Amino acid sequence: MTALTWRPARCWCPSLLQIFRFPVAQVHVGRPTMRASQQDFENAMNQVKLLKEDPGNQVKLKLYALYKQATDGPCNVPKPGVFDLVNKAKWEAWNALGSLPKETARQNYVDLVSSLSPSSQASSQGKHGADEKTQESKNIVVTSEDGITKIVFNRPAKKNAITFQMYQDIILALKSASTDNSAITVFTGTGDYYCSGNDLTNFTSAPNGMEEAARKGAVLLREFVNSFIDFPKPLVAVVNGPAVGISVTLLGLFDAVYASDTATFHTPFSQLGQTSEACSSYTFPKIMGPAKATEMLLFGKKLTAREAWAQGLVSEVFPESTFEKEVWTRLKAYAKLPPNSMRISKELIRKNEKEKLYAVNAEECTILQAKWLSEECVNAIMNFVSRKSKL
Ligand SMILES: CCCCC/C=C/C(=O)SCCNC(=O)CCNC(=O)[C@H](O)C(C)(C)COP(=O)(O)OP(=O)(O)OC[C@H]1O[C@@H](n2cnc3c(N)ncnc32)[C@H](O)[C@@H]1OP(=O)(O)O
């Protein structure tokens with residue numbers, strides 16, 4: 001995710017990703033002082049411009065709202081449209097101040113700015129800044145050992161949700177794994193989740209608008225899924241915990257899926273105003289039959305690990321206490337099998353399906369591109385990022 005540029009109060013333009021991370025109600029407004037004069041207010045505005053560090057969208061949103069209330073009074077401009085996500089957030093913050101008198105807003109603005117001391121800024125920004133850095137470098141970790149290339153979703157603070165950058169990193173990791181010395185390739189996750197699916201904020205911070213983001217998202221998704229269809233070696237998922245969305249649908253393109261008994265499998269596409277992807281509209285009915293696939297892909301029924309095993313989506317379920325030990329021991333043994341035989345057997349299994357899979361992938365991406373622009377989908381994502389709903 002692109003880092004935000006800090007600009008002073010009157011001209012900031014934060015991404016929705018960060019605005020909605022921090023509910024306005026949690027803003028620290030500082031200790032009340034005497035009534036602020038116009039001069040105090042102007043000084044505070046200048047102070048904001050001198051802030052060395054971005055105070056975060058929570059504060060910027062509040063600053064914006066207080067500034068507008070103090071200068072223009074209560075919000076009486078029309079609410080921006082549903083796709084104008086950033087201006088809608090700003091409007092909502094301003095509108096939330098209701099009929100707060102201009103003087104009080106001015107006072108609150110001054111108090112808020114004075115609370116932004118360098119030390120408080122450092123502590124509120126430090127965690128986030130570090131997280132962003134980690135995201136850029138290590139959200140996908142690739143290692144190779146004992147004949148196994150391991151690709152790890154490594155963003156546990158976000159339940160391993162997949163950013164646009166991570167999709168690209170995975171495409172590259174698969175390309176490299178397809179020709180490295182390893183015999184098999186394994187996906188797993190760090191922390192309690194396997195993966196919570198697509199990062200729902202991927203589309204909320206689109207700098208060139210939603211249509212452009214949806215178009216690029218569809219191109220990326222198609223390439224991403226094709227890299228799983230084409231992967232030549234045995235591909236194994238070690239599902240260490242709950243899996244959501246695309247991390248579940250992709251399993252239909254894996255050769256083996258081992259799950260901890262803490263894993264669950266959830267594809268809430270209708271709840272999100274979206275549709276299935278990763279060829280699951282074809283692979284799931286084939287694996288589990290249309291009736292069971294419908295429950296998952298249309299109704300968003302969440303399966304336990306044992307239910308997913310019963311439906312044929314999972315190869316084997318292990319107790320959490322012995323999961324890692326048992327699975328890795330087994331995979332290390334498999335990785336010693338003659339690699340060319342495994343590769344050729346996989347090719348035999350997959351080759352008659354490939355054209356069909358490419359076609360299904362292309363169609364799913366075209367449909368999703370349109371769905372991402374639908375009101376149903378925009379509302380669902382807005383609900384998630386503003387924390388009104390959780391799956
Ligand atoms: C371009 C290609 C597109 C491909 C199309 C793919 C579609 C999909 O994958 S659809 C599925 C999308 N995923 C979801 O809808 C899951 C959304 N997440 C949740 O419902 C919940 O977070 C949870 C059930 C996964 C976990 O709940 P809980 O244990 O209560 O933990 P938190 O909600 O507090 O999560 C911690 C932290 O992680 C952030 N997060 C989790 N999942 C996502 C996500 N998918 N996208 C973005 N962020 C996610 C969550 O917001 C929390 O962040 P902070 O509030 O900053 O701590």
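What you are looking at is a predicted structure, and each value in this text was computed from that prediction instead of being measured. All values below come from the heavy atoms of this structure, side chains included, with hydrogens, waters and symmetry mates left out. Counting convention: from 1, in listed order, for ligands and their atoms alike.
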TODO: Would you confirm whether K346, through its side chain, and K233, through its main-chain N or O, come within 3.5 Å as a donor-acceptor pair?
DONE: yes
A student comparing C195, S196, G245 should find that the heavy atom closest to atom 13 (N) of ligand 1 comes from S196
A student checking ligand 1 against D199 at a 4.0 Å heavy-atom cut-off should list atoms 46 (N), 47 (C)
Shortest non-hydrogen pair, G273 vs A380, comes out as N-CB, 4.5 Å
Checking heavy-atom distances from atom 3 (C) of ligand 1 to each of F224, F203, W372, the winner is W372
In terms of heavy-atom contacts, L303 and A308 come closest through CD1-CA, 3.9 Å
Next on the checklist: Polar contacts were defined as any N/O atom of the residue lying under 3.5 Å from an N/O atom of the ligand; does this apply to Y167 and ligand 1?
Outcome noted: no
| field | CA sep, side-chain torsions, deciding dist, call: E353, K286, salt bridge (charged side-chain N to carboxylate O under 4.0 Å, His left out) | value | CA-CA 12 Å; E353 295 278 49; K286 210 166 157 250; 2.3 Å; yes
Counting from 1 in the order shown, the ligand 1 atoms closer than 4.0 Å to a non-hydrogen atom of Y193 are 23 (C), 24 (C), 25 (C), 26 (C)
Do D146 and K336 meet the salt-bridge criterion of a basic N to acidic O distance under 4.0 Å?
-> no
Atoms of ligand 1 under 4.0 Å from any heavy atom of F164, numbered from 1 in the order shown, are 1 (C)
*asked:* If I apply the N/O under 3.5 Å rule, does V244 come out as touching ligand 1?
replied: no
E277 versus ligand 1: do any nitrogen or oxygen atoms come within less than 3.5 Å of each other? no
Practice task
Determine, step by step, whether D192 and K159 satisfy the salt bridge (charged side-chain N to carboxylate O under 4.0 Å, His left out) criterion, reporting the C-alpha distance in whole Å, the side-chain angles of both residues, the deciding distance to 0.1 Å, and the verdict.
Solution key: CA-CA 8 Å; D192 58 342; K159 307 291 183 193; 3.1 Å; yes
Note: F384, heavy atoms under 4.0 Å from ligand 1, region reported as side chain
For A157, the ligand 1 atoms with a heavy-atom partner under 4.0 Å come out as 36 (C), 37 (C), 38 (O)
When the ring planes of Y258 and Y334 are compared, do they come out parallel, tilted or perpendicular, using 30° and 60° as the limits? tilted
Checking heavy atoms under 4.0 Å, the part of L220 that sits near ligand 1 is neither
Counting from 1 in the order shown, the ligand 1 atoms closer than 4.0 Å to a non-hydrogen atom of G197 are 9 (O)
Requested in this report: May I ask you to check if ligand 1 and K158 share an N or O to N or O distance below 3.5 Å?
Outcome: yes
Here the pair of heavy atoms bringing T149 nearest to D180 is OG1-OD2, 2.6 Å
Next on the checklist: L200 versus ligand 1: do any nitrogen or oxygen atoms come within less than 3.5 Å of each other?
Outcome noted: yes
> For residues D40 and S37, is any side-chain donor paired with an opposing acceptor at under 3.5 Å?
Replying inline: yes
The atoms of ligand 1 lying under 4.0 Å from a heavy atom of A161, numbered in the order shown, are 43 (C), 44 (C), 45 (N), 46 (N)
All heavy atoms of L220 vs all of F164, minimum pair found to be CD2-CD2, 3.5 Å
